[in-house]
Amino acid sequence: MLKASYYLNPDVVFLAKDLIGKTLCTRINNKLTCGIITETEAYAGVVDKASHAYGGRRTHRTETMYNKGGVSYVYLCYGIHRLFNIVTNIKDEPHAVLVRAIYPTKGIKEIEKRRGLKFSPNFCVGPGKVSQALGIDLLHNNISLTGNELWLQDDKVNIKESDILVGPRIGIDYAGEDAKLPYRFWTEKRDFK
DNA sequence: TATAAGATTTACT
DNA sequence: GTAAATCTTATAT
């Protein structure tokens, strides 16, 4: 399991990249499901127009991001989808990494049941699908990532620097110039060993 | 209290 | 390609 100190790194963009290839696990309703993270986006706090915390905004919802790194930030989008983020950096620095896609490795039968679909290449590509696949709900907002319900681990999968692609974030056109920042990281790799 | 819009997905034309 | 689903949050009356 990744240590609590891992999430305190002040460079959220570095972490977003570093998280590619790590494994995200949940044990919800006593069902273990895991997947390798294949796509992330960084949300760089108060200076990032795309972030909920832009300009230092503090509300009931965004308060979670002001916590110390190493907790989850789950919120509802478009009234339908639960988006899962990893809160990073020290307390009062509202940085977060959005997990946009995973490649399922454990509990695939349970994931198929939750999604109501059979395994396919784009099975868990898209932030709403990731949460649904792993059983993450609003109940799991603001919980520790070093506990036994929701955590990350490094399975030492073989990801090379050249396997990681970089580009602008998605679905945040309202953020003006910041929508173009290269804060999105993903890999096309699927043969993890 | 009311209204508008959103870090999306899915189905339909 | 376009639109509907669906509800919380933020901002305004």
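Below, chain A is the first sequence line, B the second, and so on; all start at residue 1. When reading the values below, keep in mind they use all heavy atoms of this one structure, side chains included, and skip hydrogens, waters and symmetry mates. From a predicted model like this one, the values you see are computed outputs, not experimental measurements.
- Using Watson-Crick or G-U wobble geometry with both donor-acceptor distances under 3.5 Å, B/dT3 finds its partner in C/dA10.
- Salt-bridge annotation for A/Arg58 and A/Asp92: present, with a side-chain N of the basic residue lying under 4.0 Å from a carboxylate O of the acidic one.
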* Apply the test side chain to side chain contact (heavy atoms under 4.5 Å, CB included) to residues A/Ile37 and A/Leu152: give CA-CA distance (whole Å), side-chain angles for both, the deciding distance (0.1 Å), then the verdict. => CA-CA 10 Å; A/Ile37 296 170; A/Leu152 284 95; 3.7 Å; yes
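- Of the candidates A/Leu134, A/Val130, A/Ile111, A/Ile111 is the only one forming a side-chain contact (heavy atoms from CB on, under 4.5 Å) with A/Pro104.
- A/Asp48 and A/Arg169 are joined by a salt bridge, as a carboxylate oxygen and a charged side-chain nitrogen come within less than 4.0 angstrom of each other.
- Between the side chain of A/Glu110 and the backbone N or O of A/Leu32 there is no donor-acceptor pair closer than 3.5 Å.
- Between A/Tyr174 atom OH and C/dA10 atom P the separation is 12 Å, expressed in whole Å.
- Between the C1' atom of C/dT8 and the CZ atom of A/Arg82 lies a distance of 12 Å, rounded to the nearest Å.
- Atom NZ of A/Lys31 is surrounded by 12 or fewer heavy atoms from other residues, nucleotides or ligands within 6.0 Å.
- Between the NE2 atom of A/His52 and the P atom of C/dT8 there is a distance of 15 Å, rounded to whole Å.
- Among the protein residues, A/Ile80 comes within range of the nucleic acid bases, having at least one heavy atom under 4.0 Å from a base atom.
- The closest side-chain donor-acceptor pair between A/Arg114 and A/Gln132, if any, does not fall under 3.5 angstrom.
- Regarding A/Leu138, its CG atom lies at a distance of 8 Å from the P atom of C/dT8, rounded to whole Å.
- Among the heavy atoms of the strands lying under 4.0 Å from A/Leu76 are primed sugar atoms or P, OP1, OP2 only; no base atom is included.
- Where DNA chain B meets chain A (any atom under 4.0 Å from a heavy atom), the bounding nucleotides read 5' to 3' are B/dG6 to B/dT10.
- Counting non-hydrogen atoms under 4.0 angstrom, A/Arg169 reaches nothing in the nucleic acid.
- Among the heavy atoms of the strands, none lies under 4.0 Å from A/Arg184.
- Taking side-chain N and O atoms only, A/Thr59 has no distance below 4.0 Å to OP1 or OP2 of C/dT9.
- Here the separation of B/dA7 from C/dG1, taken at their C1' atoms, is 23 Å to the nearest Å.
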